[in-house]
Asker: 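Have a look at the structure that comes next, please.
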Amino acid sequence: MLQVTLETPGRFARADAVEPAPADGGALVRVHRVGVCGTDLHAFRGRQPFFSYPRVLGHELGVEVVHPGAGTLRAGDRCAVEPYLNCGTCIACRHGRPNCCSSLSVLGVHQDGGMRELIAVRPDKLHASSSLSYEQLALVETLAIGAHAVERADLQHGEFALVIGAGPIGVSVVQFARAAGARVAVVDTSAARLELCRSLWNVECTIDGLSPNAETEVRDAGGGDLPSVVFDATGNAQSMCAAFRWPCPGGRLVFVGLVQGEISFNDPDFHRRELTVLATRNAKPASFRAIIDAVEGGRIDTAPWITHRLNLGDVPAAFGTMAEAPGLFKGMITV
C-alpha cells in the first residue's frame, strides 16, 4: 500500500505501509481523491498550528467503502469523510457542537490522514452519496467550512455580506451566503482571484482591497451602508485586525481563517458600534449531509473548483511545485 508522509517541512517520503486494520466496528475505506487545502500547504512550509511531524496529510477525502464496519454503510459506497474526530462526552459534544470538542483530533492534522490508499475511519464520519463523483465528495469538507461560517453568522435573507479573501474558503462562504439570500461583495488583493470570482462564480461586486476607494466601493455595493456581516477568510493577521473597520453599527464579524498570534482592535470603536465577533471552526455533521444534498440537487456547483491535479505517487517530487503553481485555486490528488 502506497503512503506519502510529510516527514519534515518541505520533505515528503513514499513508503509501503501496512494496511490499517479497522478497530472494533470501524470502517476501512479506499481513498480515491484527496483535496489539497491551505492547511496542507502551511504544513508543507512548517507554518501550521497544532501540527507535528512526521504526518500523513489529507483531510479532504473522497473514498470508497471496502469494509463497512458497524452501521448502515455497504461495501462500494462512495463517501465524503468528516475528518473531525470528537470524543462525544465533553461539554461541547453534549451541547451539539462536536466541531469544537475539547479533545478534537483532525485527520491529516493531529493524526495521520488520507494521502494513502487505505485508511480506517469511524463509520459515523462517512457520508455517502449514490451520485456524486469522488472529486465532488473530496470538496464537501471545504464547502462545509463555508456553510458553517454562514450558519454561525445567522445570515438572513437580504442582508449585505462582505467576504474578505477569495481563496477556496472565502468562495465556499460566498456560495452559502448567496444560498441564504444575502447580497455579497468580495474583497481581495489578488486581481487573479477576483477575476476567478467574476468569471467562475458570477460574483458581481469584487473590490481590490488595496484600492484607496475600497470603502466607497463597499458602501456603493451596500446601497450606502457598510455590511451587516463581514467574513474574514484570509488567515492573515493584518487583514483580520483591519476587518473591524468594515461591519456597520450593530454588525457581526466572523473570523473563518486561523492565524498564529494575537488579533487586536480599537476598543472604543468596537463598543461604539456594539459589534459581535464570532469564531468559526470546522463544521457540524449536519453540514456534510446538507452539502451533499445541495450538490446532488444542483444548488451548489463544484465544476469550477479544481484547477490543478496530481497523482499520489508524484506528490514527493511535485507537491512543492503545486504549492507555488500560478493560478492555483484548488488542487486534487488522485490516489
Side-chain angles (χ1 to χ4, degrees), residues 1-8 10-37 39-41 43-44 48 51-71 73-85 105-130 132-142 288 292 302 305-306 308-323 330-335:
M1 185 184 76
L2 178 62
Q3 174 176 297
V4 177
T5 303
L6 184 57
E7 294 191 331
T8 60
R11 185 176 186 275
F12 278 104
R14 295 175 52 171
D16 291 325
V18 177
E19 181 174 312
D24 291 344
L28 182 67
V29 301
R30 184 176 304 281
V31 180
H32 286 271
R33 296 292 188 277
V34 182
V36 178
C37 176
T39 296
D40 304 319
L41 299 178
F44 181 78
Q48 177 59 36
F51 203 88
S52 61
Y53 302 88
R55 179 67 64 229
V56 178
L57 299 180
H59 61 279
E60 301 178 1
L61 307 177
V63 305
E64 174 190 3
V65 175
V66 175
H67 184 288
L73 292 169
R74 297 172 298 176
D77 281 348
R78 296 192 300 271
C79 299
V81 175
E82 179 190 337
Y84 322 128
L85 308 181
S105 182
V106 180
L107 292 175
V109 179
H110 305 98
Q111 61 179 276
D112 286 343
M115 280 194 190
R116 45 181 160 165
E117 295 174 1
L118 296 166
I119 184 173
V121 181
R122 282 169 36 183
D124 63 307
K125 298 299 181 180
L126 295 170
H127 301 272
S129 171
S130 60
L132 298 189
S133 69
Y134 290 118
E135 287 196 346
Q136 289 175 308
L137 290 165
L139 290 172
V140 170
E141 194 272 342
T142 297
F288 284 76
I292 289 172
T302 61
W305 276 76
I306 301 167
H308 292 69
R309 289 177 170 83
L310 190 65
N311 291 322
L312 181 63
D314 297 328
V315 166
F319 190 85
T321 303
M322 174 181 273
K330 191 68 178 177
M332 187 66 63
I333 296 169
T334 298
V335 179

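Note: hydrogens, waters and symmetry copies are ignored here, and every other heavy atom, side chains too, is used.
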Asker: I need the R78 CZ to R33 CZ distance, nearest 0.5 Å.
Answerer: 11.5 Å

Asker: Output every pair passing salt bridge (Lys or Arg N to Asp or Glu O under 4.0 Å) with a member in residues 59-69, not counting sequence neighbours, ordered by first then second residue.
Answerer: E60-K330

Asker: At their closest point, which heavy atom of V56 faces which heavy atom of M115, and how far apart are they?
Answerer: CG1-N, 3.7 Å

Asker: Hey, could you give me the CD/CZ distance between Q3 and R14, rounded to the nearest 0.5 Å?
Answerer: 12.0 Å

Asker: Nearest 0.5 angstrom please: Q136 CD to W305 CH2, how far?
Answerer: 12.5 Å

Asker: Can you name the ring-ring contact (aromatic ring centres under 6.0 Å, His included) partners of H127, sequence neighbours left out?
Answerer: F288

Asker: For a side-chain contact (heavy atoms from CB on, under 4.5 Å) check, start with the C-alpha distance between V34 and L312, then their side-chain angles and the critical distance, and finish with the verdict.
Answerer: CA-CA 9 Å; V34 182; L312 181 63; 5.9 Å; no

Asker: I'd like to check P83 versus L61 (side-chain heavy atoms, cut-off strictly below 4.5 Å). Are they in contact?
Answerer: no

Asker: Output the distance between atom OG1 (T5) and atom OH (Y53), rounded to the nearest 0.5 Å.
Answerer: 13.0 Å

Asker: Quick one: side chain to side chain donor-acceptor pair (under 3.5 Å) partners of S52, sequence neighbours excluded?
Answerer: R55

Asker: Could you tell me if the side chain of K125 sits less than 4.5 Å from the side chain of L85, heavy atoms only?
Answerer: yes

Asker: What are the two closest heavy atoms between L73 and A128, and how far apart are they?
Answerer: CD2-CB, 4.2 Å

Asker: Taking the side chain as every heavy atom from C-beta outward, state whether V63 and V121 have any pair of such atoms under 4.5 Å apart.
Answerer: no

Asker: Work out which heavy atom in V315 is nearest to a heavy atom in I333; give both atom names and the distance.
Answerer: CG2-CD1, 3.8 Å

Asker: Let me confirm one number: the NE2-OG1 distance from H32 to T334, rounded to the nearest 0.5 Å.
Answerer: 10.5 Å

Asker: Does the side chain of V29 come within less than 4.5 Å of L118's, by heavy atoms?
Answerer: no

Asker: Which residues pass the side chain to side chain donor-acceptor pair (under 3.5 Å) test with Y84, sequence neighbours left out?
Answerer: E141

Asker: Going through the distances and angles, do C37 and T142 end up as a side-chain contact (heavy atoms from CB on, under 4.5 Å)?
Answerer: CA-CA 8 Å; C37 176; T142 297; 5.6 Å; no

Asker: Can you give me the closest heavy-atom contact between A80 and I292, atom names plus distance?
Answerer: CB-CD1, 4.4 Å

Asker: Please walk me through it: do V65 and R74 pass side-chain contact (heavy atoms from CB on, under 4.5 Å)?
Answerer: CA-CA 7 Å; V65 175; R74 297 172 298 176; over 6 Å; no

Asker: Would you please name every residue forming a side chain to side chain donor-acceptor pair (under 3.5 Å) with T8, sequence neighbours left out?
Answerer: none

Asker: For A138 versus G35, what's the shortest heavy-atom pair and its separation?
Answerer: CB-N, 4.2 Å

Asker: Between V81 and L126, does a side-chain contact (heavy atoms from CB on, under 4.5 Å) hold up when you go through it step by step?
Answerer: CA-CA 5 Å; V81 175; L126 295 170; 3.7 Å; yes

Asker: Once rounded to the nearest 0.5 Å, what's the spacing between atom CD of E82 and atom NE2 of H59?
Answerer: 12.5 Å

Asker: Check the angle between the aromatic planes of F44 and F12 and answer parallel, tilted or perpendicular using the 30° and 60° thresholds.
Answerer: parallel

Asker: Which pair of heavy atoms, one from P68 and one from A27, lies closest together, and at what distance?
Answerer: O-CB, 3.6 Å

Asker: Mind checking what makes ring-ring contact (aromatic ring centres under 6.0 Å, His included) contact with H110, not counting sequence neighbours?
Answerer: none

Asker: When you compare the side chain of D40 with that of F319, does any pair of heavy atoms fall below 4.5 Å?
Answerer: yes

